[in-house]
Structure formats: C-alpha cells, structure tokens
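For reference, the structure discussed in these notes is given below.
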Amino acid sequence: MFEGNLTRLRACREEDVPLAQQFISDPEVSLNMVPDIPYPMTLGEERKWYESLSARGDRYSFAIETREETRYIGGCGVNNINWKNGTAEVGIFIGDPEFRDKGCGTDALGTPVRFAFGQIHINKLKLNVFSFNARAICCYEKLNFKLEGVLRQEIFRDVRYHDIHIMSILREEYVS
C-alpha cells in the first residue's frame with residue numbers, strides 16, 4: 001500500500017468492480033474522462049478491465065481509498081509505460097461525489113507520481129485533460145504539471161467543441 005495524507009492506494013480488488021462500474025458510469029465522471037461518447041459502462045466491461053490488470057507489464061493500477069475509513073472512492077494509475085524512454089501516462093478519477101473538492105484527488109495522484117519517479121525510474125509523466133475540467137487542471141497544477149500543448153477543438157461535448165490540454169511533469173520538476 002502507498003499512502004498520502006488523506007488517501008491510501010492499494011491493489012484493485014474484485015469486490016471493487018460493481019462500485020467502480022457505478023463510478024465510471026456517473027455522468028460527471030464519464031463526461032470528464034472519456035473522449036468518446038459518454039455512455040454508461042456495463043458491469044461485464046468493468047470485469048474485463050479488472051481481469052486484464054495482471055496481464056500487462058506496462059501499467060500499475062491502484063484503487064483509492066480513504067485513510068480514515070478505508071472506503072473505496074476511485075482509481076488511479078501509471079499507464080502506457082515506455083521503459084526505453086522513461087515516459088508514462090497518469091490518470092485518476094474520484095468516483096464518490098462525497099470526496100470531490102476535498103483534496104483527495106491531489107493527495108491520491110501525488111502518490112503514483114512519487115511512485116513513478118522514486119520506484120520505477122520514470123523521467124516524464126504526462127496526461128490529457130479536457131479544457132472544461134477545471135477541477136482536474138487545478139489538481140495537476142498543484143502537483144507541478146505544466147501545460148505542454150493543446151489539441152484544439154478535439155472533443156465534442158454539450159453542443160460545442162473543446163480543447164484537450166496535454167500536461168506533463170519531468171523528474172527534475174518533481175518536488176516531493
């Protein structure tokens with residue numbers, strides 16, 4: 001287990017799957033996470049994702065739980081690891097609405113960032129975030145991610161086009 005001040009990361013468990021499916025199907029989560037048409041995920045699709053976890057060596061996926069109550073509230077991970085070039089992507093979602101806007105996302109994401117730079121020798125972490133997702137952008141900026149580029153009018157949501165921001169942090173910019 002890896003701990004922050006508010007959250008703890010642990011391995012995903014089979015019993016997390018039904019709640020994870022509900023979290024991912026929440027319109028607020030899917031509208032901010034999924035570039036495709038935000039359509040609810042089925043329980044079968046979430047089970048397939050869970051079953052694929054141990055089959056890949058290019059990612060580390062974690063469940064996020066609260067430190068106080070050990071309550072499962074979301075997920076995060078280090079994905080698409082390029083071992084040769086020392087790059088990877090990070091992602092996070094807080095699925096439980098009770099724990100949004102309370103610092104849990106920043107606290108939880110700081111842990112895999114620390115893991116990537118301190119344990120698996122990654123040099124650059126990157127992510128994509130929709131320009132309308134102000135909560136996520138604020139979280140990433142608090143962790144010292146920098147805007148690296150903009151994919152202009154890349155995503156269609158709510159009857160208009162929006163940009164996708166590409167953000168990253170280098171090992172040398174990381175402050176533990």
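In what follows, residues are counted from 1 in the order of the sequence shown.
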side-chain hydrogen bond (donor to acceptor under 3.5 Å, both in side chains) test vs Thr7 passes for just one of Thr66, Asp107, Thr106, namely Asp107
Flag yes if Tyr72 and Leu109 sit in one hydrophobic cluster, no otherwise; membership is Ile, Leu, Val, Met, Phe, Trp, Tyr, and two members link when side-chain heavy atoms are under 4.5 Å apart. no
Is the number of heavy atoms from other residues, nucleotides or ligands within 6.0 Å of OH (Tyr161) greater than 12? no
Test side-chain contact (heavy atoms from CB on, under 4.5 Å) on Tyr174 and Arg114 and set out the steps. CA-CA 8 Å; Tyr174 172 66; Arg114 189 170 53 251; 3.2 Å; yes
Measure the spacing between CG of Asn133 and CD1 of Ile164 and express it to the nearest 0.5 Å. 11.5 Å
Would you say Glu68 has more than 12 foreign heavy atoms packed within less than 6.0 Å of its CD? no
Parallel, tilted or perpendicular: rings of Phe2 and Phe62 (30°, 60°): perpendicular
Is any side-chain heavy atom of Glu154 closer than 4.5 Å to one of Asp163? no
Gap between atom CG of Asp26 and atom CD1 of Ile94 - 0.5 Å precision: 12.5 Å
Is there a side-chain contact between Leu9 and Ile64 (heavy atoms, below 4.5 Å)? yes
For Ile169 versus Leu143, what's the shortest heavy-atom pair and its separation? CD1-O, 3.3 Å
For the residue pair Arg71 and Glu65, establish whether any side-chain heavy-atom pair is separated by less than 4.5 Å. no
Side-chain donor or acceptor of Arg67 paired with backbone N/O of Glu3 under 3.5 Å: no
Minimum heavy-atom separation for Ile137 and Phe130, please, with both atom names. CD1-O, 3.9 Å
Checking Asn32 side chain against Glu28 main chain: does a donor-acceptor pair fall under 3.5 Å? yes
Can you confirm whether Gln153 sits close enough to Arg160 that some side-chain heavy atom of one is under 4.5 Å from a side-chain heavy atom of the other? no
Tightest non-hydrogen contact, residues Pro35 and Ile155, listed as CA-CD1, 3.9 Å
Could you walk me through whether Ser30 and Phe23 pass the side-chain contact (heavy atoms from CB on, under 4.5 Å) test, one step at a time? CA-CA 9 Å; Ser30 63; Phe23 287 163; over 6 Å; no
Shared hydrophobic cluster for Leu127 and Met33 (ILVMFWY, side-chain gaps under 4.5 Å): no
Greater than 12 external heavy atoms within 6.0 Å of Glu14's CD: no
Between Glu173 and Phe145, is there a donor-acceptor pair closer than 3.5 Å when you use the side chain of the first and the backbone of the second? no
Can you tell me how far CD1 of Ile81 sits from CD1 of Ile122, rounded to the nearest 0.5 angstrom? 5.0 Å
When rounded to the nearest 0.5 angstrom, what is the spacing between CD in Glu69 and CZ in Phe99? 4.5 Å
Nearest non-hydrogen partners of Asp16 and Ala63, listed with the distance: OD2-CB, 3.9 Å
Using ring centroids (six-membered ring only for Trp), state whether Phe132 and His162 fall under 6.0 Å. yes
Does Asp96 reach the main-chain N or O of Glu98 with its side chain, forming a donor-acceptor pair under 3.5 Å? yes
Treating Ile, Leu, Val, Met, Phe, Trp and Tyr as nodes and any side-chain heavy-atom pair under 4.5 angstrom as an edge, say whether Leu31 and Phe93 lie in one connected cluster. no
Honestly curious: do Leu6 and Phe115 fall in one hydrophobic cluster under the side-chain, below-4.5 Å linking rule? no
Gap separating the OH atom of Tyr39 from the OG atom of Ser25, nearest 0.5 angstrom: 10.0 Å
Set out, in order, the CA-CA distance, both residues' side-chain angles and the distance that settles salt bridge (charged side-chain N to carboxylate O under 4.0 Å, His left out) for Arg59 and Glu89, then state yes or no. CA-CA 9 Å; Arg59 71 178 177 202; Glu89 296 174 14; over 6 Å; no
Minimum side-chain heavy-atom gap Glu46-Gln22 below 4.5 Å: no
Which atoms form the tightest heavy-atom contact between Ala108 and Ile92, and what is the distance? CB-CD1, 3.9 Å
Do the side chains of Ser168 and Leu125 get nearer than 4.5 Å, heavy atoms only? no
Show the numbers, then the answer: is there a side-chain contact (heavy atoms from CB on, under 4.5 Å) between Lys48 and Ser52? CA-CA 6 Å; Lys48 283 181 187 174; Ser52 77; over 6 Å; no
Which heavy atom of Val29 sits nearest to which heavy atom of Gly95, and what is that distance? CG2-CA, 4.2 Å
Gap separating the CD1 atom of Ile166 from the CG atom of Asn128, nearest 0.5 angstrom: 5.5 Å
Find out whether Leu43 and Val17 are in side-chain contact, i.e. whether some heavy atom of one side chain is under 4.5 Å from a heavy atom of the other. yes
So which of Lys146, Lys126, Glu141 actually passes side chain to side chain contact (heavy atoms under 4.5 Å, CB included) with Met167? Glu141
Within the 4.5 Å heavy-atom criterion, are Asp58 and Asn80 side-chain neighbours or not? yes
